[in-house]
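Contents: one structure, followed by commentary.
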There are 2 protein chains.
Amino acid sequence: MNDRRTIFKTLRDLGIRLTPQRMLILDILREGNTHMGVEEVYAKARTAFPYIDIATVYRTLNLMKKIDVVTEVAMGERLHFELTNPDQKHHHMVCTSCGKAFNLAPEYLERFGEQIRSDLSFEPDIRNFTIKGKCSFCAEHLDEAG
Amino acid sequence: MNDRRTIFKTLRDLGIRLTPQRMLILDILREGNTHMGVEEVYAKARTAFPYIDIATVYRTLNLMKKIDVVTEVAMGERLHFELTNPDQKHHHMVCTSCGKAFNLAPEYLERFGEQIRSDLSFEPDIRNFTIKGKCSFCAEHLDEAG
DNA sequence: GTACATGCAAACGGTTTGCATATCT
DNA sequence: AGATATGCAAACCGTTTGCATGTAC
């Protein structure tokens with residue numbers, strides 16, 4: 001569950017201070033309801049609290065990642081984060097044309113991972129996967145573009 | 001084929017100058033016979049030609065990538081490159097313990113990609129894939145380590 | 001009251017770029 | 001000769017860090 005109550009309890013139980021900045025950043029991620037880049041979180045945070053520094057955003061996100069409250073998502077070059085939701089784990093498919101990201105159910109990866117595990121004795125880490133490609137809309141609306 | 005002759009002919013045909021630096025860098029990649037980080041290419045290049053600059057390495061690698069003579073491989077944070085070999089396309093599995101990389105035959109990805117394509121109407125780009133995980137050696141020799 | 005978080009500014013590190021000179025064709 | 005590649009140094013940009021001050025507990 002990703003309600004405020006549960007998240008904040010997790011932090012308190014770990015002895016992590018609930019500062020306004022941390023609550024704000026977590027609320028932004030929760031309300032965004034998808035992964036977000038650092039700059040995006042920072043921009044939203046500033047509208048609520050103009051003095052917040054981007055270093056605080058980085059520190060908070062990294063801290064939350066360490067305790068698994070947020071998950072880092074590999075979205076191309078820059079860091080993206082989302083709230084860790086144990087109820088609906090998923091991977092991502094990113095459209096290289098429009099930049100939109102789509103969730104990918106874990107089942108697809110599980111079959112794939114199982115093959116690699118059994119055929120190649122390699123234990124793949126399929127907890128956090130990102131696949132690039134073209135979404136159906138872009139695939140349809142452009143023929144030979146990037 | 002990745003023999004010098006063929007590569008150099010490709011460059012000449014495209015009107016790209018064959019400078020000593022470019023030949024050197026391509027030779028290093030060819031002899032290395034696997035993907036290499038920029039710093040690694042640079043280090044090797046300097047033993048042969050101490051005045052070479054890392055900017056030249058970057059420029060050459062990016063140029064060769066643009067004309068598809070080398071392929072960029074997503075190996076964690078930094079850029080890695082390898083000679084594009086149409087005869088033996090492959091993907092990579094990187095061990096997060098020892099850092100070693102293993103080739104992965106394209107067939108595994110093709111089945112996987114086909115599922116995504118048909119089930120989800122997403123056209124995955126499976127030309128250059130990297131999977132993290134643990135190689136069999138490391139999986140065996142450490143129990144709960146990073 | 002005290003340990004820890006924040007804001008600010010500066011550092012960091014990989015990568016790119018501007019420019020004068022050297023080199024390929 | 002003319003277009004382009006190189007070396008050098010500086011810029012870039014996302015991210016991290018040091019430090020003095022402010023704040024949650």
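Just so it is clear, the structure is predicted and the values come from calculations on it, not from any experiment. Numbered from 1 within each chain, the chains take letters A, B, ... in sequence-line order.
Between A/Met75 atom CE and D/dG14 atom P there is a gap of 16 Å when expressed in whole angstrom units. Here C/dG14 presents its P atom at 16 Å from CE of B/Met36, a figure rounded to the nearest Å. Distance B/Leu79 CG to C/dT15 P: 4 Å, rounded to the nearest Å. Rounded to whole Å, atom C1' of C/dG14 lies 9 Å from atom CD of B/Glu39. Between A/Tyr42 atom OH and D/dT15 atom C1' the separation is 14 Å, expressed in whole Å. Atom-to-atom, CG of A/Leu63 to P of C/dA5 comes out at 7 Å; the value is rounded to the nearest Å. Per the geometry, NZ belonging to B/Lys66 stands 17 Å off P belonging to C/dT15, to the nearest Å. For the pair A/Arg46 CZ and C/dG7 P, the computed distance is 12 Å after rounding to whole Å.
The minimum heavy-atom distance between B/Ile16 and B/Arg22, with the atom names listed, is CG2-NH1, 3.4 Å. Nearest approach of A/Cys95 to A/Cys135, heavy atoms of both residues: SG-N, 3.4 Å. In this structure, B/Ile126 and B/His91 approach most closely via the heavy-atom pair O-CE1, 2.8 Å.
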Go through it in stages, so that I can follow the logic: the residues are B/Glu40 and B/His35, the test is side chain to side chain donor-acceptor pair (under 3.5 Å), and I'd like the CA-CA distance, side-chain angles, deciding distance and then a yes or no. CA-CA 10 Å; B/Glu40 197 178 349; B/His35 51 87; over 6 Å; no
Side chain to side chain donor-acceptor pair (under 3.5 Å), that's the test. Do A/Tyr42 and A/Asp53 meet it? Break it down for me. CA-CA 8 Å; A/Tyr42 177 51; A/Asp53 194 86; 5.4 Å; no
Side chain to side chain donor-acceptor pair (under 3.5 Å) for A/Thr10 and A/Asp13? Distances and angles first, verdict last. CA-CA 5 Å; A/Thr10 303; A/Asp13 290 352; over 6 Å; no
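For A/Glu77, the CD atom is loosely surrounded, since the number of other residues' heavy atoms within 6.0 Å does not exceed 12.
Judged by closest nucleotide on DNA chain C, A/Gln21 is the one of A/Gln21 and B/Val38 placed further toward the 5' end.
An angle of 30°, rounded to 10°, separates the two end axes of the helix from C/dG1-D/dC25 to C/dT25-D/dA1, each defined over five pairs.
Cation-pi geometry between B/Arg111 and B/Tyr108 is satisfied (NZ or CZ under 6.0 Å from the ring centre, within 45° of the ring normal).
Residue-level contact check: A/Phe49 touches the backbone only, with heavy atoms under 4.0 Å from sugar-phosphate atoms and none from bases.
When the options B/Leu14, B/Leu11, B/Leu61 are evaluated for a side chain to side chain contact (heavy atoms under 4.5 Å, CB included) with B/Val69, the one that passes is B/Leu11. Under the side chain to side chain contact (heavy atoms under 4.5 Å, CB included) rule, B/Phe81 has a single partner from B/Asn62, B/Thr71, B/Val73, B/Val57, which is B/Asn62.
Residues from residues 50-60 of chain B lying near DNA chain C, meaning a heavy-atom separation below 4.0 Å, are B/Ala55, B/Tyr58, B/Arg59 in numerical order.
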If the sugar-phosphate is the primed atoms plus P, OP1 and OP2 and the base is the rest, what is the B/S/- string for nucleotides 20-25 of chain D, using protein heavy atoms under 4.0 Å? ---BBS
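Listed pair A/Arg22 / C/dA5 meets the phosphate criterion, a side-chain N or O lying under 4.0 Å from OP1 or OP2. Dashed line: the shortest gap from a side-chain N or O of B/Asn62 to OP1 or OP2 of C/dT15 is not under 4.0 Å.
Using a 4.0 Å cut-off between charged side-chain N and carboxylate O, A/Asp125 and B/Lys134 make no salt bridge.
In terms of hydrophobic clustering, with Ile, Leu, Val, Met, Phe, Trp and Tyr side chains grouped at heavy-atom distances under 4.5 Å, B/Ile116 and A/Phe137 are assigned to different clusters.
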